[in-house]
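Beneath this line is the structure, given in structure tokens, with notes to follow.
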Amino acid sequence: MTVAMIGEAQNLPASILLVGGGKMGGAMLEGWLKVGLPGSAATVIDPHPGPDLQQLCAARGVALNPASDTIAPPEALVLAIKPQVLGEVGPQIAPLVDSRTTLISVLAGKTIANLDAAIPGCGGIVRSIPNLPAAIAQGATGACTSPGLAEERRAMADALLGAIGVVAWVEDEGLIDACTAVSGSGPAYVFLLAEELARAGIDAGLPEELAQKLARATVAGAGAMLAQSPLPSGTLRENVTSKGGTTAAALDVLMAENGFRPLLRDAVAAAKRRAGALSG
């Protein structure tokens with residue numbers, strides 16, 4: 001596995017077609033523009049573009065829903081649609097690509113074989129799974145390529161995915177469902193932690209507003225510290241745990257045989273199974 005940070009602007013494609021401009025697609029487009037992609041190099045297809053997407057495209061000169069006969073085969077095609085509509089959307093997009101096009105998918109559960117069957121004729125495929133913090137360029141993306149993808153195509157994909165955060169490349173496509181379960185779905189687990197920490201604070205006697213403020217700041221601060229520290233997460237946990245102290249008392253509960261560890265393991269396993277089922 002290799003990990004990359006924000007991509008190099010010189011590896012950005014000369015032309016890119018983004019299909020799907022929802023939360024993830026819109027975040028990716030904004031990231032590309034911030035790292036130097038000219039608006040004129042991008043085209044977006046979305047049947048129901050939201051006001052934020054419309055405003056971004058208008059402000060930066062990005063073509064939004066042009067006539068299909070005006071779209072030349074792009075250097076990069078990025079699919080950011082719902083996995084369930086790939087079978088419907090694929091045949092509509094297939095005529096717009098050729099062997100010069102690298103397909104980059106962010107569809108959970110859809111394999112390289114699924115993508116190749118839905119949109120044949122591309123010169124290579126990158127399967128990836130970013131997560132919601134991509135919206136603030138703090139995403140975590142697991143990615144793999146179709147066999148034999150040229151290095152320059154992978155570098156281009158790395159630049160595009162790196163514009164929204166960290167990219168972790170894996171050689172085995174079988175690991176992507178696990179990436180989906182850990183990082184793709186992971187922000188929801190963290191948000192749930194903040195939610196339930198606040199609820200526990202209320203149960204302990206804190207006013208709701210104060211409990212919410214402390215819980216959110218604690219989760220955000222711990223995340224920032226984790227991002228900035230070179231130490232393993234387990235070491236950071238040990239560093240804030242005094243023997244016989246309050247944190248140790250709480251961790252005795254969370255780390256019990258039926259506590260947080262097996263629960264999270266089961267949750268990740270359930271997410272991985274669902275990702276596999278989405279391949280259809």
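The local environment of CZ in F260 is sparse, with at most 12 non-hydrogen atoms from other residues, nucleotides or ligands closer than 6.0 Å. Counting heavy-atom neighbours within 6.0 Å of Q55 CD, excluding the residue itself, gives a total of 12 or less.
Using a 4.5 Å heavy-atom threshold, the side chains of L107 and L278 count as separate. In this structure the side chain of S146 never reaches within 4.5 angstrom of the side chain of D116, judged on heavy atoms.
Counted by atom type alone, R154 and T145 present zero donor-acceptor pairs between their side chains at under 3.5 Å. With 3.5 Å as the limit, one finds a donor-acceptor pair spanning the side chains of T111 and N114.
Taking hydrophobic clusters as Ile, Leu, Val, Met, Phe, Trp and Tyr residues chained together by side-chain heavy-atom distances below 4.5 Å, I112 shares a cluster with V89.
Taking 4.0 Å as the cut-off between side-chain N and carboxylate O, E195 and R199 count as a salt-bridged pair. Using a cutoff of 4.0 Å between basic side-chain nitrogens and carboxylate oxygens, D52 and K23 are not scored as salt-bridged.
In terms of heavy-atom proximity, S15 sits nearest to P73 at OG-O, 4.4 Å. Between A76 and M156, the shortest heavy-atom contact is CB-CE, 4.0 Å.
For the pairing with L79, the side-chain contact (heavy atoms from CB on, under 4.5 Å) check across L17, L86, I125 returns one residue only, L86.
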